[in-house]
Amino acid sequence: MTENRDYRDTVFLPQTDFPMKAGLPEKEPHILARWQEADLYAQLREARSGREKFILHDGPPYANGDIHIGHALNKVLKDAVVRSQTLLGKDAPYVPGWDCHGLPIEWKVEEAYRKKKLNKDEVPAEEFRAECRAYAAQWVEVQKAQFQRLGISGKWDQPYLTMAPEAEAAIVAELLKFAETGQLYRGAKPVMWSPVEKTALAEAEVEYEDITSTQIDVTFEIVESPIAELVGAHAVIWTTTPWTIPVNQALAYGPEVDYILIEALDEFAEPTGQRYLVATELYDSFRSRIRGQGNPNQNYATVDFFVGETLAGTICRHPMHHLGGFYAEPRPLLPGDFVTTDSGTGLVHMAPDHGEDDFALCKAHGINPKFVVEADGRYREDWLWLPRTDARNMSVINPKFNAPDGPICSDLKEAGALLAASTDYQHSYPHSWRSKAKVIYRCTPQWFVPMDKPVAPFDYPVAPLGGIGGAVALAVSASKTATLRETAIKAIADTRFVPEKGRNRIGSMVEGRPDWVLSRQRAWGVPITLFVDRKTGEYLVDPEVNARIIAAVREKGVDAWSDEAAPALLGPDYNVDDYERVVDILDVWFDSGSTHAFVLESGVWPELQSPADLYLEGSDQHRGWFQSSLLESCATRGRAPYKAVLTHGFTMDAKGMKMSKSLGNTVSPLDVMRDYGADIIRLWALSVDYTEDHRIGPEILKGVADQYRKLRNTFRYLLGALDGYTEAEALPVDQMPELERYMLALLGELDGKMRAAVDAFDFNTYTRSLIDFCNEDLSAFFFDIRKDCLYCDHPADPKRRAYRTVLDTMFHALIRYAAPVLVFTSEEVWASRYPTSGSVHLLEWPVVPAVETDASRWNALRELRTQVTEAIEPLRREKTVRSSLEAEVTVSDIDGVLREYRDLGPDFLAEIFISGPVAFVKTTDGPGISRTEHHKCGRCWRHLPEVAEDGDLCARCDDVVTKLDAEA
RNA sequence: GGGCCGGUAGCUCAGGUGGUUAGAGCGUACGCCUGAUAAGCGUAAGGUCGCAGGUUCGAGUCCUGCUCGGCCCA
């Protein structure tokens with residue numbers, strides 16, 4: 001051989017068209033279009049028909065606005081669950097849904113009205129609701145497209161909407177089940193109320209502004225007390241809402257607060273007999289207010305001190321007790337934990353009609369609201385003091401009404417009960433977002449679901465439902481009654497929680513929650529379809545009437561509940577004039593709490609079933625959907641609507657801070673898809689620990705993109721290395737070299753991890769295990785070692801065939817593992833190898849051959865390999881050795897264990913080390929390295945003794961090239 | 001303010017029932033290869049395990065307080 005031939009042509013390099021660069025933002029939409037064209041979701045249903053089902057029931061997002069990162073995380077997790085269960089061979093249909101009723105949509109529509117100078121109240125309710133419906137429908141379409149772009153697989157052409165008439169009818173049917181089992185009652189509750197708009201307001205509709213109010217100090221004469229010296233003294237209360245004094249029903253003290261009894265002194269420092277009770281800590285500020293009333297020298301003598309709790313049993317009378325009736329009733333002093341010494345007098349006047357603390361404390365002591373202030377903010381006509389008919393009556397939020405010279409203060413002064421009044425108190429006060437007018441707390445009648453009323457589950461007639469919501473759980477033992485709270489707590493115990501801590505979270509909430517307030521004074525929602533007997537106040541329970549109501553709603557939607565329709569709904573047996581038609585709508589949580597009924601049970605989606613295998617939402621839903629669904633189902637079916645509940649944390653910014661538009665630290669999934677692609681968001685969502693709050697940011701996304709590239713290149717290598725591979729080349733496992741058998745064993749180990757991760761919904765471990773395997777076991781170990789074999793051995797060589805057989809097995813396993821995560825890329829990879837064999841997502845969990853290997857031997861061998869590469873490093877640094885193939889290695893083999901590796905094949909260790917020849921020595925030292933004296937084979941670049949000159953062929957290559965030349 | 005949850009290398013995460021110098025992958029730096037090449041391989045540096053007390057022979061791991069952050073309430 002006189003000149004060196006270029007052997008590049010005789011080397012089998014990986015060959016593939018699969019590009020290294022992903023270009024996901026451009027590529028993904030095309031892949032998505034192909035799926036939609038082929039209706040992949042329908043194909044999947046067909047393929048899994050008859051299999052064991054796995055039902056993930058979708059919690060409906062609110063149909064308003066573009067999706068945010070929280071939506072993306074939630075839907076990707078759901079998709080990963082559905083896809084991984086599908087991969088296991090189960091039939092896992094996914095019907096996405098939307099929550100469509102409710103305030104935020106009402107607002108948006110109202111806002112549009114205002115821009116057009118229209119008044120909502122002048123628009124017919126039906127028309128207004130139609131606009132809300134259209135608004136929601138439009139956002140459903142937008143979000144649908146965005147979710148699909150994320151690669152979420154589901155029945156997008158038939159989602160469920162809470163505003164669909166069938167859904168509205170089913171929700172009504174569920175409500176009527178509560179009515180029929182006596183699980184509804186009308187009570188009262190203070191709500192934020194705008195007298196200007198004559199409507200209740202939600203917290204979010206209220207804005208706080210600084211205002212200056214009248215502040216007054218009012219005395220209540222103590223008429224009874226276990227403490228004798230208090231009788232005849234006056235308890236002093238302080239308030240900034242004088243208008244609530246006419247509705248006062250009690251006083252509150254702080255059990256832990258210290259009080260002082262003082263006596264006013266006259267100008268000669270003589271006692272006047274006027275004694276007042278205030279909190280010790282607030283005595284100074286109280287006195288300065290009195291002095292500010294033109295009594296700059298007013299002094300007091302201390303009479304005694306009391307701890308709050310000793311005031312129990314003390315009773316006052318109202319300053320206007322002379323009016324008789326309501327005002328002559330006793331005003332007890334009640335213990336209130338909410339009483340502080342921040343301001344006022346440490347004694348708080350209680351008007352259960354107009355404060356939450358007031359309401360709760362009074363209710364606990366059997367004192368009920370009086371509903372004195374009407375919707376327009378004026379006292380009602382029959383009220384004793386300042387009734388509507390009084391010329392001085394006006395809206396209670398009118399500053400003049402509350403002024404020191406206004407009717408209330410004037411009358412109090414006349415009664416000798418006004419110690420001080422001034423118009424200089426600055427504080428923050430709630431105003432209507434819309435009208436900017438002040439709002440008040442006002443008690444209004446509301447509908448409740450009792451948590452602690454014993455009911456006999458299922459022992460009641462059920463309205464004929466005609467298919468919608470008709471599937472009611474079979475009656476179980478009706479002999480034992482249980483409260484809703486008890487049933488719910490039992491259901492929680494019967495449910496699997498992932499992570500486990502969710503059980504405690506929802507459990508403590510259900511244990512402590514108050515009765516469920518169902519009613520809202522709103523327009524866009526499902527009506528509380530009850531007729532209330534005007535005489536008895538009882539709501540009508542008649543299965544036939546209920547059936548008519550349900551049928552009407554199914555036909556016309558929520559508009560079916562109207563005054564015009566009332567006679568027909570009631571039917572001939574009732575006189576419409578005897579009944580009040582309830583006009584409140586349902587809390588939207590009742591809507592979504594009923595989805596299990598109208599989605600899982602209705603038969604509209606026959607592929608679904610109830611209870612669901614899994615509900616999966618953010619941790620805020622412990623108070624939301626998880627709970628409303630639980631309560632709704634427990635009240636009507638006696639069990640939870642789910643077998644398992646999975647909760648995820650919230651996505652924070654890169655620093656762990658909450659995202660907000662005002663901070664400008666939001667990350668939009670739409671932007672990430674545009675810049676990186678949906679597969680990157682998916683890989684991110686499935687890499688983080690979703691059980692806790694987790695982060696996203698530029699650095700994190702860059703890291704995720706790196707991980708993605710590694711996976712992509714692994715597949716690219718597999719595609720290239722498997723170029724031209726067919727079944728005919730496959731070799732049985734028992735004919736494979738030890739390395740191949742070891743790799744198959746590792747794959748089996750990985751397979752076990754992946755299955756366990758799917759069962760635990762632990763996608764973090766799932767993706768990590770996959771990536772680590774690609775990095776450590778494949779790229780840095782197996783692929784690297786077998787590079788020589790792949791490139792240089794003859795295609796028919798059993799070793800090369802074994803290698804490619806294992807690569808093929810690896811490919812088929814890894815592409816399936818990757819499919820639920822990298823939905824687009826896995827399809828791209830699959831299509832690159834199998835352009836005509838359908839979607840990768842139709843495949844099932846890989847069958848991995850069970851192979852036994854000596855794990856401890858391989859662990860020791862890999863440890864030795866690490867030592868060898870470490871030992872080569874210094875020689876590389878000094879440039880003695882460049883490629884590891886130039887390194888000759890001696891390894892210690894005192895006990896002769898390594899010698900058995902020789903049985904594993906010629907040059908076995910050199911192969912594993914990717915080094916030059918390996919020799920055994922009897923020392924206790926680590927591996928020894930020296931530069932080889934052998935020449936470099938011109939084809940495989942290994943340094944071997946038979947190579948006479950650099951560029952000549954080694955024996956193996958000579959053999960291969962000869963064969964190839966002959967075959968050519 | 002209350003209930004619940006969390007804070008381990010630059011990033012993402014492991015660290016049964018407390019026990020040798022706290023681990024992995026990625027990234028970074030440096031080097032090798034130039035026949036996976038905007039790829040592949042190797043080596044190295046990086047952590048007072050949020051802070052402070054306490055229990056213990058010994059604590060990332062148990063207790064208390066604090067701090068920061070989160071969800072839900074008020």
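Just the heavy atoms: all of them, side chains too, but no hydrogens, waters or symmetry mates, feed the values below. First the proteins, then the strands, lettered A, B, ... as listed; each starts at 1.
Look at the P atom in both B:G50 and B:U12: the space between them is 15 Å, to the nearest Å. Nucleotides B:C30 and B:C49 place their P atoms 30 Å apart, quoted to the nearest Å. Separation of the C1' atoms belonging to B:A14 and B:G25 is 11 Å when rounded to the nearest angstrom. When the P atom is used for both B:C51 and B:G60, the distance is 11 Å, rounded to whole Å. Across the C1' atoms, B:A24 and B:G47 are found 14 Å apart, a figure rounded to whole Å. Here, B:C62 and B:U55 have their C1' atoms 8 Å apart, quoted to the whole Å. To the nearest whole angstrom, the two C1' atoms, one in B:U43 and one in B:U48, are 27 Å apart. Taking the C1' atom of each, B:A44 and B:U34 are spaced 24 Å apart, rounded to whole Å.
Of the two residues near RNA chain B, A:G656 and A:N764, the one whose nearest nucleotide lies more 5' is A:N764. Toward the 5' end of RNA chain B, the nearer of the two residues A:G703 and A:F650, judged by each one's closest nucleotide, is A:G703.
Across all strands shown, A:E692 has heavy atoms under 4.0 Å from sugar-phosphate atoms exclusively, and none from any base. No contact: A:R709 has no heavy atom under 4.0 Å from any strand. Within 4.0 Å of A:R939, counting heavy atoms only, lies at least one base atom of the nucleic acid. As judged by a 4.0 angstrom heavy-atom cut-off over every strand, A:G23 is placed among residues making no nucleic acid contact. Within 4.0 Å (heavy atoms only), A:R877 reaches at least one base atom of the nucleic acid. In this structure, A:T16 reaches neither bases nor backbone, as no heavy-atom distance under 4.0 Å exists between it and the strands shown. Residue A:D620 is in sugar-phosphate contact alone, with no base atom involved, counting any heavy-atom pair closer than 4.0 Å across all strands shown.
In the set B:A36, B:G35, B:G70, B:A36 carries the atom at the smallest distance from any side-chain atom of A:R716. Picking from B:C71, B:C41, B:A24 the nucleotide with the shortest atom distance to the side chain of A:D784 gives B:C41.
At a cut-off of 3.5 angstrom, the base of B:C71 holds at least one donor-acceptor pair with the side chain of A:R505. The base of B:U12 sits within donor-acceptor range of the side chain of A:R768, with an N or O pair under 3.5 Å.
The base-pairing partner of B:U21, taking Watson-Crick or G-U wobble contacts with both distances under 3.5 Å, does not exist among the strands shown. As the counterpart of B:G1, B:C73 is assigned, both hydrogen-bonding distances of the Watson-Crick or G-U wobble pattern falling under 3.5 Å. B:G60 makes up no base pair with any nucleotide shown, lacking Watson-Crick or G-U wobble contacts both under 3.5 Å. Checking B:G6 for Watson-Crick or G-U wobble geometry (two distances, each under 3.5 Å) identifies B:C68 as its partner. Using the Watson-Crick or G-U wobble rule with both distances under 3.5 Å, B:A39 pairs with nothing in any strand shown. Nucleotide B:A44 is matched to B:U28 when pairs are restricted to Watson-Crick or G-U wobble geometry with both distances under 3.5 angstrom.
Rounded to an integer number of Å, the gap from A:Y803 OH to B:A36 P is 11 Å. Counting to the nearest Å, the C1' atom of B:A39 and the CZ atom of A:F783 are 13 Å from each other. Residue A:R623 contributes atom CZ, which lies 11 Å from atom C1' of B:A74 at whole-angstrom precision. With rounding to whole Å, A:F12 atom CZ is found 17 Å from B:A36 atom C1'. Atom P of nucleotide B:G25 and atom CH2 of A:W684 are separated by 25 Å, given to the nearest angstrom. Between the CG atom of A:D689 and the C1' atom of B:U8 there is a distance of 13 Å, given to the nearest Å. Protein atom NZ of A:K655 is 21 Å distant from nucleotide atom P of B:G50, rounded to whole Å. With rounding to whole Å, A:D706 atom CG is found 7 Å from B:C26 atom C1'.
Looking only at atom types and distance, the side chain of A:E888 has a donor-acceptor partner in the side chain of A:T932 under 3.5 Å away. No donor-acceptor contact under 3.5 angstrom links the side chains of A:H648 and A:S619, judged on distance only. Inspection of the A:W516 and A:D587 side chains reveals an N or O donor paired with an N or O acceptor under 3.5 Å. A:T825 and A:D679 share a donor-acceptor pair across their side chains, judged by distance under 3.5 Å alone.
Formation of a donor-acceptor pair under 3.5 Å by the A:R800 side chain with backbone atoms of A:L790 is found in this model.
Taking the six-membered ring where the residue is Trp, A:Y766 and A:F763 present perpendicular rings, their angle passing 60° and hence far from 30°.
For A:R876, no side-chain nitrogen or oxygen approaches OP1 or OP2 of B:G31 to under 4.0 Å. At the phosphate of B:C41, OP1 or OP2 sits under 4.0 Å from a side-chain N or O atom of A:K710.
Of the residues in residues 507-516 of chain A, A:M509 come within less than 4.0 Å of RNA chain B through at least one heavy atom, sorted by number.
Figure legend: A:R505 and A:F626 shown without cation-pi pairing, the cationic atom not lying both under 6.0 angstrom from the six-membered ring centre and within 45 degrees of its axis.
Here the two rings, on A:F18 and A:F715, have centers that are 6.0 Å apart or farther.
Using a 90° window around 0 for the glycosidic torsion, B:G40 falls outside it and is classed as anti.
A salt bridge is defined here as a Lys NZ or Arg NE, NH1 or NH2 lying under 4.0 Å from an Asp or Glu carboxylate O, and A:E878 with A:R931 fails to meet this definition. With respect to A:E776 and A:R862, no salt bridge is recorded, no charged nitrogen being found less than 4.0 Å from a carboxylate O.
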